[in-house]
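Structure first, commentary second.
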Amino acid sequence: MAALCVEELLARAEQRAAEPHPSVAVEKELELEFDLGNLLALDRNVPPSMPRAAGAQRESRLRSLARDNTQLLVAQLWGLPAERAEGATGPLVAQLPEPSYRLPREKPLPRPRPPTRWEQFARLKGIRRRKRTSLVWDEAAKQWRRRWGYERAGGDPARDWLIEVPAGADPNEDQFAKRLREKREKVARNEFNRLRNIARGALPGRGLHPTGHQSRAELGRATQVARVSTASLGRFQPRLPKEPPAPPPRGGKKRHFEPLLGDLAAERSRQLELLRGLGSKKPPLDLTRAVNKQLREEDAQAAADKGKKRGQRGKRGRQRPGGGKGKKGGARRQQQRRPAGRKRS
């Protein structure tokens, strides 16, 4: 594109300045209805006639109509009480009133989350959740500390240097190892309950019952569904104790596509081989091999039917012992039951 000279730019600027600006005073037959809370203006006036053929003229009239209605809406906004946001030099901010129109939602309301087992139990027993403070008084340290987390009140019981052996316990048992094992089991139990709650939400029709009477297969299926319900599809999800390995993903071998830009000689050879096969007079199907295969299948089917009928005839003979069967009749029956096949030479 050729560069514009300075004279052309000045001429365009003078022409733009000479054009008359539209007036801020807009007259309408029917006044517009405004909802300043939603920045909405409703125009009840009949729109001007616009020809369908003239696209440029139609676009110009629509722009003019939109400009006039926007001008009226802006005039209404300037009539609202306003104040400076950041002192005397800050922007002017208007206080919008409450909206009078309820605009429809773009998306449907989200489905309510199914209650967990604890929520169902709390509702049944009338237990209400009370808000607890984040700081508690630590008698050992004589100061306020966090209720949970790092440097919480009371300290971490797993770091105690001395543990009292409970009454009736084995004195030779390692209480430190027992406490660590119980902590791991509690963490695993909480993780299992969390995955089970996710599975109940993912499978509303096949979720777990609040009582927990499920078979091992149902628990395994729900755990597997809950595992892949995370954002990473279960890739970084730790496994539970004694949890079997995940089954391999279903599906066959993935299709391999040749690159679009690569060896042109190999691509040319493949195309020539395809054209050579299309132009060949030799049929791509080996008729002799296909016929032989069909004949072998018919022979195998006939032999199977013959063996099956012989077994049935033997069972009938054992059920009626002593019944005389002549060779003639038996040969005739055998000849009648022989399947119809091709004539062999």
Side-chain angles (χ1 to χ4, degrees), residues 110-249:
R111 296 181 179 179
R113 179 182 58 85
T116 60
R117 293 185 61 188
W118 165 249
E119 292 176 353
Q120 292 181 359
F121 177 78
R123 185 183 305 172
L124 181 63
K125 297 296 183 179
I127 301 175
R128 295 183 179 182
R129 185 176 180 180
R130 294 179 299 177
K131 187 176 181 180
R132 305 169 67 179
T133 59
S134 60
L135 298 178
V136 293
W137 178 256
D138 190 359
E139 294 291 343
K142 301 300 180 181
Q143 61 180 354
W144 291 92
R145 288 190 174 183
R146 298 184 183 93
R147 185 182 297 273
W148 306 105
Y150 178 68
E151 293 185 353
R152 67 177 183 269
D156 189 0
R159 297 181 179 180
D160 295 339
W161 67 276
L162 181 64
I163 300 178
E164 181 180 0
V165 179
D170 187 3
N172 299 324
E173 185 181 7
D174 190 356
Q175 298 296 329
F176 294 95
K178 180 180 178 181
R179 178 177 291 183
L180 182 60
R181 183 172 60 255
E182 291 177 353
K183 182 178 180 180
R184 291 178 178 176
E185 292 178 356
K186 183 178 180 181
V187 171
R189 193 183 310 111
N190 293 338
E191 179 67 13
F192 176 75
N193 293 334
R194 188 183 71 85
L195 295 177
R196 183 165 56 181
N197 291 332
I198 296 176
R200 291 180 59 210
L203 299 175
R206 296 161 51 192
L208 303 180
H209 302 287
T211 55
H213 299 291
Q214 289 81 34
S215 62
R216 179 177 298 181
E218 293 176 350
L219 293 176
R221 183 171 60 254
T223 305
Q224 184 65 22
V225 172
R227 177 177 296 279
V228 298
S229 299
T230 58
S232 62
L233 298 180
R235 179 176 299 179
F236 306 104
Q237 188 69 21
R239 295 195 172 277
L240 300 176
K242 299 181 181 181
E243 182 180 359

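Everything quoted here is computed from the prediction, not taken from an experiment.
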Non-neighbouring partners of [X] that pass side chain to side chain donor-acceptor pair (under 3.5 Å), sequence neighbours left out:
X: R132; result: none
X: R147; result: T133
X: Q237; result: E191
X: D174; result: none

Inset, instruction - Tell me, with the steps shown, if E119 and R129 meet side chain to side chain contact (heavy atoms under 4.5 Å, CB included). - result: CA-CA 10 Å; E119 292 176 353; R129 185 176 180 180; over 6 Å; no

Quick one: salt bridge (Lys or Arg N to Asp or Glu O under 4.0 Å) partners of [X], sequence neighbours excluded?
X: R123; answer: none
X: E182; answer: none
X: R128; answer: none
X: K186; answer: none

Legend entry - R145 to Q143 - nearest heavy-atom pair and separation: NE-NE2, 3.0 Å

Inset, instruction - Please report the shortest heavy-atom distance between A153 and V136, naming the atom on each side. - result: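 Heavy-atom minimum between the residues: CB-CG2, 3.3 Å.
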
Inset, instruction - Find the distance between CZ (R181) and NZ (K183) and round it off to the nearest 0.5 Å. - result: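 R181 atom CZ to K183 atom NZ measures 14.5 Å (nearest 0.5 Å).
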
Legend entry - NZ-CD1 distance between K178 and I163, expressed to the nearest 0.5 angstrom: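 If I round to the nearest 0.5 Å, the distance is 10.5 Å.
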
Non-neighbouring partners of [X] that pass side-chain contact (heavy atoms from CB on, under 4.5 Å), sequence neighbours left out:
X: D170; result: N172, E173
X: A188; result: P241
X: P238; result: none

Inset, instruction - Flag yes if more than 12 heavy atoms outside R184 fall under 6.0 Å of its CZ atom; otherwise flag no. - result: no

Inset, instruction - Using a cut-off of 6.0 Å, state whether more than 12 heavy atoms not belonging to E164 lie near its atom CD. - result: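 Counting neighbours around CD of E164, 12 or fewer heavy atoms of other residues, nucleotides or ligands fall under 6.0 Å, so no.
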
Legend entry - Contact check, side chains of W118 and I127, non-hydrogen atoms, under 4.5 Å: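 Yes, at least one pair of side-chain atoms sits under 4.5 Å.
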
Inset, instruction - State whether the side chain of R146 and the backbone N or O of Y150 hold a donor-acceptor pair below 3.5 Å, judged by distance alone. - result: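 Looks like yes, one N/O pair under 3.5 Å.
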
Legend entry - Qualifying residues under ring pair (Phe, Tyr, Trp, His ring centres under 6.0 Å), relative to W137, sequence neighbours excluded: W144

